[in-house]
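Have a look at the structure below, then the notes.
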2 protein chains.
Amino acid sequence: MSHGTDIPDGLTFWSFVDYAVERVGRAMPSVDLDAMRLVLTLHRVTSMVVYDLESSVHRPSGWTWPGFRVLFVLWLAGPMEAKTAAELSGMSRAAVSSLVNTLHRDGLVTRERADYDRRAVRIGLTGAGRDAIERGFVAHNRRESAWATALTGEERATLVALLGKLMEGSSAAEAKRRS
Amino acid sequence: MSHGTDIPDGLTFWSFVDYAVERVGRAMPSVDLDAMRLVLTLHRVTSMVVYDLESSVHRPSGWTWPGFRVLFVLWLAGPMEAKTAAELSGMSRAAVSSLVNTLHRDGLVTRERADYDRRAVRIGLTGAGRDAIERGFVAHNRRESAWATALTGEERATLVALLGKLMEGSSAAEAKRRS
DNA sequence: TCCGATTAATCAAAGGTTTGATCATTGCTC
DNA sequence: GAGCAATGATCAAACCTTTGATTAATCGGA
């Protein structure tokens with residue numbers, strides 16, 4: 001690392017968080033360093049967990065992480081309008097529309113116009129889709145459980161509660177949702 | 001909601017978490033419900049925070065969230081090889097390569113072959129890029145600070161510590177990284 | 001010094017996401 | 001009943017991400 005890069009030795013994806021907070025703290029006095037560390041940490045940890053789940057469970061199962069999210073919602077809440085799937089999975093209608101193209105092509109979901117409203121498209125799992133998501137969810141849960149063992153039961157509950165508190169704040173209320 | 005959708009009344013993106021845990025808990029006895037709730041919560045909160053930051057700050061600034069992440073790394077750690085930017089921002093080399101196409105086109109980053117290793121591409125901020133990221137970061141921090149006010153100082157520290165503990169577990173050690 | 005293994009960036013193909021637009025349908029007011 | 005506003009799904013364009021492949025360059029052991 002001596003020639004060319006000028007990056008502090010040993011700086012990695014994870015250690016960059018401390019480095020970033022320290023660098024900004026030195027250069028900009030009015031920055032909220034706690035908030036900065038919180039968002040950097042939150043995003044980086046989540047990103048890592050999701051990449052792990054997607055690469056070790058979901059892609060081998062034949063779908064992507066976003067695909068899993070839609071299948072999961074349909075599995076638990078049953079056939080529904082596409083706009084509802086979008087809401088429950090936290091995606092836009094356009095994203096669901098595109099995703100369902102793939103899932104439908106792969107025989108995992110059904111898609112049809114509603115008879116009570118000609119605008120609405122209803123989607124649901126096929127038999128194959130249900131079988132696949134059940135197996136996929138078991139593998140997914142096994143892996144997420146492995147992640148969760150890094151924390152005690154009480155720590156898990158605390159973490160969930162704190163994240164929930166973030167969702168109860170005014171910023172969450174102001175945050176726009178996808179259309 | 002009476003015709004056709006059969007979804008429990010009032011189910012939303014956020015309330016779906018409790019619903020999902022309850023549904024799976026009833027149907028599959030061997031599932032780790034705590035882990036399930038943890039990952040669902042983690043991903044949904046993070047997703048919401050990031051979408052808010054991207055739509056309210058970053059896109060109006062002329063770049064995307066991933067673009068911001070690369071600009072941020074270059075800003076704090078200076079010019080570097082593309083592979084280093086990939087590591088520090090948690091992306092693959094291919095993703096950085098593609099992203100830098102856009103940022104370079106927009107005059108925010110420089111890109112050149114290293115003279116000490118003909119394989120390596122070095123990237124750095126342009127003057128315009130540095131000006132832009134400084135303003136962008138201020139707006140970003142203001143917004144992330146707004147999010148963080150939902151928690152007390154101690155809660156923030158606890159949250160960061162617990163997330164950090166997730167990163168110290170064996171699953172994180174086993175998790176593959178992007179190439 | 002030579003050569004096979006490794007490395008770095010980019011490519012291609014496939015998939016996913018966003019925004020605003022579009023088109024058809026529905027809802028609601030007058 | 002008519003007409004405008006709102007709604008839902010999809011489209012188009014732009015951007016981003018992944019994987020494996022490719023090409024060129026570098027490394028390291030014999």
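We use all heavy atoms of the structure for the numbers below, so side chains are in, but hydrogens, waters and symmetry mates are not. By convention in this document, chain letters (A, B, ...) are assigned in the order of the sequence lines, proteins followed by strands, and residues within each chain are numbered from 1.
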### Query
Can you list the steps and then say if D18(A) with R37(A) is a salt bridge (Lys or Arg N to Asp or Glu O under 4.0 Å)?
CA-CA 8 Å; D18(A) 286 335; R37(A) 186 188 292 275; 2.5 Å; yes
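Closest to the side chain of R59(A), out of dA6(D), dT17(C), dT19(D), is dT19(D). For K83(A), the listed nucleotide lying nearest its side chain is dG8(D); candidates were dG8(D), dT18(D), dT10(C). Among the nucleotides dT17(C), dT10(D), dA9(C), the one closest to the side chain of R111(A) is dT10(D). Minimum atom distance to the side chain of A94(B) is reached by dC11(C), of the listed dC11(C), dG16(C), dA9(C). Here dC16(D) is the nucleotide among dA9(C), dC16(D), dT10(D) with the atom lying nearest to any side-chain atom of T102(B). Across dA9(C), dT17(D), dT19(C), the shortest atom-to-atom separation from the side chain of Y51(B) is found for dT19(C). If you check dT17(D), dA9(C), dT19(C) against the side chain of R113(B), the one that comes closest is dA9(C).
Residues V96(B) and R93(B) both approach DNA chain D. Their nearest nucleotides, taken by heavy-atom distance, put V96(B) toward the 5′ side. Projected onto DNA chain D by closest heavy-atom contact, A82(A) and L103(B) fall at different nucleotides, the more 5' of which corresponds to A82(A). Both R119(A) and T64(A) sit near DNA chain C, but only T64(A) has its closest nucleotide nearer the 5' end.
Taking the centre and axis of the six-membered ring of Y51(B), the NZ or CZ atom of R178(A) falls inside the cone set by 45° and 6.0 Å.
Among the atoms of the strands shown, base atoms are found under 4.0 Å from some heavy atom of S98(B). Using a 4.0 Å heavy-atom cutoff across all strands shown, R118(A) reaches sugar-phosphate atoms only and no base atom. Using a 4.0 Å heavy-atom distance criterion, A95(A) is classed as a base contact.
Between the side chain of R113(A) and the main chain of R119(A), a donor-acceptor pair closer than 3.5 Å is present.
Between F137(A) and W75(A), the angle of the ring planes lies from 30° to 60°, which puts this pair in the tilted group.
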